Amino acid sequence: MSMQHAVIFDMDGTLLQTESMAVPGFRRTFQDLKDRQLWNGELPNDRAITGTLGMVLDEIWDVMLPEADEKTRQIATELLAQHEEKLLAEGVVSLYPGVVEQLTALHKKGSALFVASNAMDGYVEAICEHFKITHLFTDLYSAGRFQTKSKVDLVALLLQTYDIKEAIMVGDRKSDVEAGKENHLWTIGCDFGFADSGELKNADVVIKSYAELLQQVSFYQTK
């Protein structure tokens, strides 16, 4: 399979307003670990949690559970998945305004759309199914699914598998920009996610809302 053009999206902080699910999900996970006497620290605050979004899971636990053994980390992963599934079902999380409209417009114009996320296996699929946007994407890539160590590697695998000639990377973190640049892609930084000041400085263009997205993508992919 070979594709001429594609747009690759990060998930957390780019398509999904993740903090409304991640913050309670991580806190409930750490409370469970505490109740099971597997961890005895203070519950993480909002900034500590959102600061890890965009990392692969091993990196997250390196930051948040640095002293934990592999068994405890595995339990934490399972608990987090359970809590996020419940929170998603409760409807506490939303896509950013304009996401569905912009994805639909790109899809109608013939752009191949992908997600490339450092999330655990099944997470991206669950989000897309919940919001009924799966049909808009050619494929959904995650670090958990392919066991990649970085966003650079994940995007490289995607590009190679689909033999994509020209692509654009859209994301809100430095790791997204790096994934795009290292794979020779045009990068669009989303200045409405979790990026710290200056984190998107190397993006080719930075947008403040999804209303700006189509005009940036259409220049490269549609006439």
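Residue indices begin at 1 and follow the sequence shown. Treat the numbers as computed from the prediction; the structure is a model and nothing was measured.
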Gap separating the [atom1] atom of [X] from the [atom2] atom of [Y], nearest 0.5 angstrom:
X      : Y      : atom1 : atom2 : answer
Lys151 : Lys174 : NZ    : NZ    : 14.0 Å
Cys128 : Leu95  : SG    : CG    : 8.5 Å
Phe137 : Leu106 : CZ    : CG    : 9.5 Å
Phe30  : Met64  : CZ    : CE    : 4.0 Å
Tyr162 : Leu157 : OH    : CG    : 10.0 Å
Glu84  : Ile127 : CD    : CD1   : 7.5 Å

Using every non-hydrogen atom in the two residues, find where [X] and [Y] come nearest and quote the distance to one decimal.
X      : Y      : result
His130 : Leu88  : CE1-O, 3.2 Å
Ala143 : Val56  : CB-CG1, 3.9 Å
Val124 : Ser142 : CG2-CB, 4.4 Å
Ala112 : His5   : CB-O, 3.6 Å
Leu87  : Pro24  : CD1-CG, 3.9 Å
Thr187 : Gly180 : CG2-CA, 3.6 Å

Checking side-chain polar atoms at under 3.5 Å, does [X] have a donor or acceptor matched by the opposite partner on [Y]?
X     : Y     : answer
Gln74 : Glu78 : yes
Asp69 : Thr72 : yes
Thr18 : Asp12 : yes

Check whether any side-chain N or O of [X] sits under 3.5 Å from a backbone N or O of [Y] as a donor-acceptor pair, and report yes or no.
X      : Y      : answer
Thr29  : Ala76  : no
Tyr96  : Phe192 : yes
Thr14  : Met11  : no
Asp191 : Lys208 : no
Thr138 : Phe114 : no
Gln147 : Gly144 : yes
Ser111 : Lys109 : no
Arg173 : Leu53  : yes

Joint hydrophobic cluster, [X] plus [Y], side-chain heavy atoms closer than 4.5 Å:
X      : Y      : value
Phe9   : Leu214 : yes
Val7   : Val115 : yes
Ile188 : Leu16  : yes
Val23  : Met120 : yes
Val177 : Leu185 : no

Tell me whether [X] at atom [atom1] has more than 12 heavy atoms from other residues, nucleotides or ligands lying less than 6.0 Å away.
X      : atom1 : answer
Asp35  : CG    : yes
Glu85  : CD    : no
His184 : NE2   : no
Glu67  : CD    : no
Lys201 : NZ    : no

Heavy-atom distance under 4.5 Å between the side chains of [X] and [Y], does that happen here?
X      : Y      : answer
Thr104 : Leu136 : yes
Lys149 : Asp58  : yes
Val205 : Trp186 : yes
Asp176 : Val170 : no
Glu199 : Phe194 : no
Glu19  : Asp46  : no
Phe146 : Leu158 : no
Phe131 : Leu15  : no

(message) By the definition side chain to side chain contact (heavy atoms under 4.5 Å, CB included), identify the one residue from Thr52, Thr77, Asp121 that meets it with Leu57.
(response) Thr77
(request) Test side-chain contact (heavy atoms from CB on, under 4.5 Å) on Tyr141 and Thr148 and set out the steps. (result) CA-CA 10 Å; Tyr141 272 51; Thr148 48; over 6 Å; no
(message) Between His83 and Asp32, does the side-chain contact (heavy atoms from CB on, under 4.5 Å) criterion hold? Intermediate values first, please.
(response) CA-CA 10 Å; His83 286 305; Asp32 285 348; 2.6 Å; yes
(request) Answer yes or no: is there an ion pair linking Lys165 with Asp163, defined by an N-O contact shorter than 4.0 Å? (result) yes
(message) Assess the residue pair Ile168 and Gln216 against the criterion (side-chain contact (heavy atoms from CB on, under 4.5 Å)); give the C-alpha distance rounded to whole Å, side-chain angles, the decisive distance to 0.1 Å, and a yes or no.
(response) CA-CA 10 Å; Ile168 296 171; Gln216 299 297 339; over 6 Å; no
(request) List the steps, then state whether side chain to side chain donor-acceptor pair (under 3.5 Å) holds for Glu129 with Thr134. (result) CA-CA 6 Å; Glu129 284 297 317; Thr134 304; 2.9 Å; yes
